[in-house]
Amino acid sequence: MAHCFGRRRRLPWVLAGLVVVVAVWFLAVAPALLFVDRRRGGNDATDRDRGVQSDEGNGRRHRHQHSSQRTADAPPLAHGQLGRLDGIHHDGGGVVVGAQSVGCYTDVLFESCPGRQPDAVAVARSPDDDLRSNTEQQQSSAGVSPLACATACWPYKYAVLAFGTACCCTDTLEEAHLAPRPALCNLPCAQGTNTQCGGFFAQSIYTPVLAGEAITNVGTQVQDPNDGATADPVHVMICSDGSRLFGLLAAIKSVLSNTKSRVVFHLVTDSATAVRLETVLKRTLPAVKAEVIAFNASWVENRIQTYTARKELKSPLNYARFFLQRLFPDLHGRLIFLDDDVIVQGDVLEMSRTDLGPHAIAVSEDCNWIFEKYHLFMNKLDGFINFENKHVQALGLDPSACSFNAGVFVVDLDAWRAMDADKHLLHWLTLNTKEVVYGNKAAGGGSQPPMLIVFHKRYAHLDPLWHVRLLGSRFGGQMPAEFVRDKAKLLHWNGASKPWRTTPSTNPQFDFLYQRHAVKASVWW
C-alpha cells in the first residue's frame, strides 16, 4: 500500500510538468513554425525526374538534361517573379539595382526557390536536392543572372545560384561553408554573361544592392543585356561499362570541377548498361549535359584477337575509339577522348586547344620529359607490334621508335574523316585475327597497336602534363606526390590497379586524388 500511495503523490508533479511543456511549446515553438511556414509559402513540393531519349544514327542515343520540376499550390512570394530586372518595387521596400558578390560556397541551406511561373514557388532544403530540381524550370528564363536572382529573392539577404541556371534564396550563410577553391563556381550564367552562377558542386552567393546603397565589392553585377554569348562547348567522349561506373562518374566530376567552360559528354557504353547509366546520371549528376550511346558490338564481332588474360582488352567497348565517324556523323571540330580511369586536374578547354598542326590527333609519347626525369619505363613500337609480320615490314616502321598511349587524345573530327581513320583502324583490327600483327609482345595488344600503326608519324604532341600515367602500375610510384598532386593536369590509372576497387591499390598515396571526386555507392545503387 505504501508503494502505491507514493506513486499517487508523484502524479500531480507529472501533470504539472506536462502543463509547463505545453505552455512553452505554444509560447515559443509554435510561433517559430508559423514563421517558417509563412516564409516558405506554406507548401509541400514534389519532384518529377525527366529524361529525353531518342534513337538516331548508329546505336541507341539517350540525350538528356537531368532535371526535376517542383510545383506548389500556395500563393506566389511577394519577392517578385524570377526574370524581372531592376526597378521592381517589392513589399520589403527598396529597389534592387544590382547584385553584390559574396563568394563561392558549398552546401548552402536555403528557404525558397522562386520559379519563372508566378504561381509556382519551390521549397528548397539542400543544394544537392532542390537546386538541381529547379534547373530545368529556370533554364528557359532569359532573366537568370545574379541581378535577376537577387531581385526575385528580395527581401531575403542572399541569392544562391548554382548549375548556371538555378536560383534560390536564404537569410543564413555560414563562413564554414566557404568553398575551398573559388574555381568550383565555374559555370557562366544562363544569359551568357561572363559572370559565374555557381557550379555543379558549389553555389555563387550574391546580396541584393538597393538604389542608394554603396557598392563595396568588385563582384557586383548590374545586368547588361548586350553581354556576349559563351563559347562553344568542349566535347568529351568517355567509354565505360557497368563494372567501371565508379571511375566514369569520378572522371566526369573532375572535368567539371576544373573548368569554367560548357562541357558536353558523349558517354559510350554497352547496351546492357545504357539505361542504368541514364538512371545513375539522374541521381548523381543531374545537371550534366550528356548523351549516352549504346555501342554497336557487331562492328567488332569476330575481329578481336588478344594474347592476354586482361578482360578489358577483349571488350568491344575498348575499340569504340576506332569508330568516331560512325558514332558522331554530325559532330565537327574538336573532341577529347578519355579512358574512364582518369582524373582531370586542369581546364579541358586548354587541352582542347592543343595545336594539332596538319594532324588529326594529339597524343602524349612514352618518351617524354616526365618519363626521363622520373626514370619511368618507356615503351617502344616493338613492345606492341610484331615486326616479323610481312604487312608490318612493308610499312617501314622503326621498331625502336617511341610509342604513345591511346587512352587520352585530342582529335579533330573533320581531319579524322578526311583520312578515313575508321576504315584503316578496322583493317588492322581485322587482319590481326588472320595473322599475328600485334598483341604477342611484352606490352600487349588491345586497341593500342592499331592506333600506333595508323597514326605513326601522323600525330601532334600533347603536353605530357595532360597525360601523367602509370598510376595503376608499380612504375607510377616513382613519381613524387607533390608533382602528381600539384603539377599534373590529367592523371591516368592505366594498369591493373584502379583506385575504386576494393583490392589494395598499387599506389595508395595517390588514391585521395580519385576519392575527392568519387560518388558514393549509396547515392545511386
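FYI, the numbering just counts along the sequence from 1. Predicted, not measured: the structure shown is a model, and the values here were computed from it.
- Atom CG of Asp486 has more than 12 heavy atoms from other residues, nucleotides or ligands within 6.0 Å.
- With sequence neighbours excluded, the residues forming a ring pair (Phe, Tyr, Trp, His ring centres under 6.0 Å) with Phe322 are Tyr319, listed by chain and number.
- Looking at heavy atoms from C-beta onward, Leu471 lies out of side-chain contact with Tyr514 at the 4.5 angstrom threshold.
- Looking at residues two or more places apart in sequence or on another chain, you find no salt bridge (charged side-chain N to carboxylate O under 4.0 Å, His left out) involving Asp398.
- With sequence neighbours excluded, the residues forming a ring pair (Phe, Tyr, Trp, His ring centres under 6.0 Å) with Phe337 are Phe409, listed by chain and number.
- The shortest non-hydrogen separation linking Ile336 to Leu338 is CG2-CD2, 3.7 Å.
- Pairs passing the salt bridge (Lys or Arg N to Asp or Glu O under 4.0 Å) check and including a residue from residues 416-433, sequence neighbours excluded, read Asp414-Arg417.
- Taking SG of Cys197 as the start and CG of Asn186 as the end, the distance is 11.5 Å to the nearest 0.5 Å.
- Side-chain polar atoms of Ser505 and Asp511 form a donor-acceptor pair below 3.5 angstrom.
- Put simply, the side chain of Gln393 gets close to the backbone of Phe387: a donor and an acceptor are under 3.5 Å apart.
- A disulfide (SG to SG under 2.5 Å) check over residues 460-506, counting only residues at least two apart or in different chains, returns nothing.
- Checking side-chain atoms of Thr259 against main-chain N and O of Asp347 turns up no donor-acceptor pair under 3.5 Å.
- Glu350 is linked by a salt bridge (charged side-chain N to carboxylate O under 4.0 Å, His left out) to Lys489, counting only residues two or more places apart in sequence or in another chain.
- In this structure, the separation between CD1 on Ile385 and NZ on Lys380 is 13.5 Å, given to the nearest 0.5 Å.
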| Between Thr269 and Asp241, is a side chain to side chain donor-acceptor pair (under 3.5 Å) present by the stated rule, with each step listed? | CA-CA 5 Å; Thr269 188; Asp241 62 25; over 6 Å; no
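- In this structure, Met479 and Leu376 have side chains that are in contact, with non-hydrogen atoms separated by less than 4.5 Å.
- Note on residues 426-440: no pairs pass salt bridge (Lys or Arg N to Asp or Glu O under 4.0 Å), not counting sequence neighbours.
- Residues Gln345 and Asn258 come closest through the heavy atom pair O-OD1, 3.6 Å.
- A search for salt bridge (charged side-chain N to carboxylate O under 4.0 Å, His left out) contacts involving Arg485 returns nothing, not counting sequence neighbours.
- Here the straight-line distance linking atom CG of Leu413 with atom CE of Met237 works out to 10.0 Å at 0.5 Å rounding.
- Between His461 and Tyr459, the ring centre distance stays below 6.0 Å.
- Here the CH2 atom belonging to Trp428 is positioned 5.0 Å from the CD1 atom belonging to Ile453, to the nearest 0.5 angstrom.
- For the salt bridge (Lys or Arg N to Asp or Glu O under 4.0 Å) condition, no pair includes a residue of residues 263-275, sequence neighbours left out.
- Heavy atoms only, all atoms of each residue included: Gly476 and Phe510 are closest at O-CE1, 3.5 Å.
- The aromatic ring centroids of Phe328 and Trp416 lie 6.0 Å or more from each other.
- Under a 3.5 Å cut-off, the side chain of Thr279 and the backbone N or O of Val275 do form a donor-acceptor pair.
- Within the structure, disulfide (SG to SG under 2.5 Å) pairs that include any residue of residues 241-304 do not occur (at least two apart or interchain).
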| task | Start with the C-alpha gap between Val292 and Thr273, add the side-chain angles, then the distance that decides, and say whether side chain to side chain contact (heavy atoms under 4.5 Å, CB included) holds. | result | CA-CA 10 Å; Val292 174; Thr273 305; over 6 Å; no
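- The minimum heavy-atom distance between Thr430 and Thr433, with the atom names listed, is O-OG1, 2.5 Å.
- For the pair Lys253 and Phe201, the cation-pi criterion (under 6.0 Å, within 45° of the ring axis) is fulfilled.
- As summarised for Cys185 and Cys104, their two SG atoms come within a distance smaller than 2.5 angstrom, satisfying the threshold.
- The salt bridge (Lys or Arg N to Asp or Glu O under 4.0 Å) pairs that include a residue from residues 454-476 are Asp366-Arg469, where partners are two or more places apart or lie in different chains.
- Arg244 pairs by the salt bridge (charged side-chain N to carboxylate O under 4.0 Å, His left out) definition with Asp340, Asp341, not counting sequence neighbours.
- A salt bridge links Arg321 with Asp339; the closest basic N to acidic carboxylate O contact falls under 4.0 Å.
- Two residues are said to be in side-chain contact when any heavy atoms from C-beta on lie closer than 4.5 Å; His266 and Leu331 meet this criterion.
- Remark: side-chain polar atoms of Asn389 are paired, donor with acceptor, to backbone N or O of His391 under 3.5 angstrom.
- Nearest heavy-atom pair across Ala251 and Ser254 is O-OG, 2.7 Å.
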